[in-house]
Amino acid sequence: MTAFLLYLYAESPLHAGAAASDGVLDLPIQRESSTNYPLIWGQSLKGALRQTARDAGWSEDTLKEVFGSEPGEGEETTPGKLAVGDAQLVALPVPTLRRSFAWVTSRLALSRLARKYAIINGPHVVLPEVPNPADGEGSCGRGFWGGETPEVLGPCLIKLHNPRGGGDAPDPVTDWARLLAADAIGDAPHLRPFASKLAEDLLVVGSEPMSVLLRECTEFAVRVQLHRQQKLVQNGPFVSEYLPAETILASVLTLRGKYAPEEVQQLRDLVNHSLLQVGGDETLGKGLVWTRIVEGERNG
């Protein structure tokens, strides 16, 4: 088995559409029913990867072997060698009164990410401790954030604490921020300023404010469809929801069964340091994500 941790870093707002409307939202994004966390379902991500491979010139035989047969190709379906997991939320950008915005994450999101690292590296991978802030509060690194005054994060007023205080004790929030800056964004010249910001501006919040931020800090667009000749509204208005630019998600890609080393390299070339289109509204420039893969000790 060869497994990769695939990071997705949103260049533009991203709409991976859910199956049904949600209240006033005509086109909501995909969310987990149990936690309400946004995600991209594995089947949606796999379809985006398949299209990217086709655009890159992969043959139809290779596409079928790696990704499986497409619907409508016949009665028998072939699953393919590549298993694509759901892309779960790692960190969400939220507006702040200072420093423009910060990324927020939670104990749940970081714990899930730690499990993904365990999948590719084995169960004994050493990662930073996952902070566990009080329900209505948050944790920050030893830097700009924190102090006596609560911070405005989106619609929330949250008191931030460094879980280790001063001194030379390990700083888990900063350690996670640096890990994500290196693995999720990287040091390419066009992304380096955002990696530097992430290393300083990652905040871990409790479950209560996180649930509010996940609802209030996505983006909404009201659109109409015009009649071609009369330029009058033909359909709409309808409301679409998007994950904002700078959102970070992560998925696990697994190659199963028998495969050649060149197939592994072909997958690396496809998804590492690439710009991928995921979700709807492609002609409006939506759904562009930068991709990076992290390989584990189990590979090779």
Residues H161 and E137: side-chain donor-acceptor under 3.5 angstrom: yes
Hydrophobic cluster membership, V94 vs L249, 4.5 Å side-chain cutoff: yes
For L276 against A48, the heavy-atom pair lying closest together: CD1-O, 3.9 Å
Residues D201 and W145: side-chain donor-acceptor under 3.5 angstrom: yes
Residue that, paired with L14, satisfies side-chain contact (heavy atoms from CB on, under 4.5 Å) out of T218, I40, L288, I29: I40
Sidechain N-carboxylate O distance under 4.0 Å for E151, K159: no
Short side-chain to backbone donor-acceptor contact, T291 and L8, under 3.5 Å: no
Closest non-hydrogen atom pair, A250 against K116: O-CE, 3.3 Å
N272 side chain to I293 backbone, donor-acceptor under 3.5 Å: yes
Check: S211 side chain, E208 main-chain N or O, donor-acceptor pair, under 3.5 Å: yes
Salt bridge present between E70 and K64 (N-O < 4.0 angstrom): no
Any L180 side-chain heavy atom under 4.5 Å of I185 side chain: no
D281: partners by salt bridge (charged side-chain N to carboxylate O under 4.0 Å, His left out), with sequence neighbours left out: R223
Under-4.0 Å salt bridge between R112 and E32: yes
Cation over ring face, K81 and F67, 6.0 Å, 45°: no
Residue pair A3 / T254: nearest heavy atoms and the distance that separates them: CB-OG1, 4.2 Å
Heavy atoms from other residues, nucleotides or ligands near CD of E282 exceed 12 (cutoff 6.0 Å): no
Cation-pi check, R292 onto Y9 ring (under 6.0 Å, within 45° of axis): no
Pair S106, Y37: side-chain N/O donor-acceptor within cut-off below 3.5 Å: yes
Whether over 12 other heavy atoms sit under 6.0 Å from Y117 OH: yes
Close aromatic pair by centroid cut-off 6.0 Å: W290 and H190: yes
Considering all heavy atoms, the nearest A245-P93 contact: O-CG, 3.3 Å
S139 to P133 - nearest heavy-atom pair and separation: OG-CB, 3.5 Å
Note, I248 side chain near L198 side chain (heavy atom, < 4.5 Å): yes
Heavy-atom check, side chain of L203 versus side chain of I158, under 4.5 Å: no
Donor-acceptor side-chain pairing of Q277 and K286 below 3.5 angstrom: no
Q266 side chain reached by T62 side chain, heavy atoms, under 4.5 Å: yes
Shared hydrophobic cluster, V212 / L243 (ILVMFWY, side-chain heavy atoms < 4.5 Å): no
Contact summary for P128 and W176, nearest pair of heavy atoms: O-NE1, 3.4 Å
Side chains of M210 and L89 in contact at under 4.5 Å (non-hydrogen atoms): yes
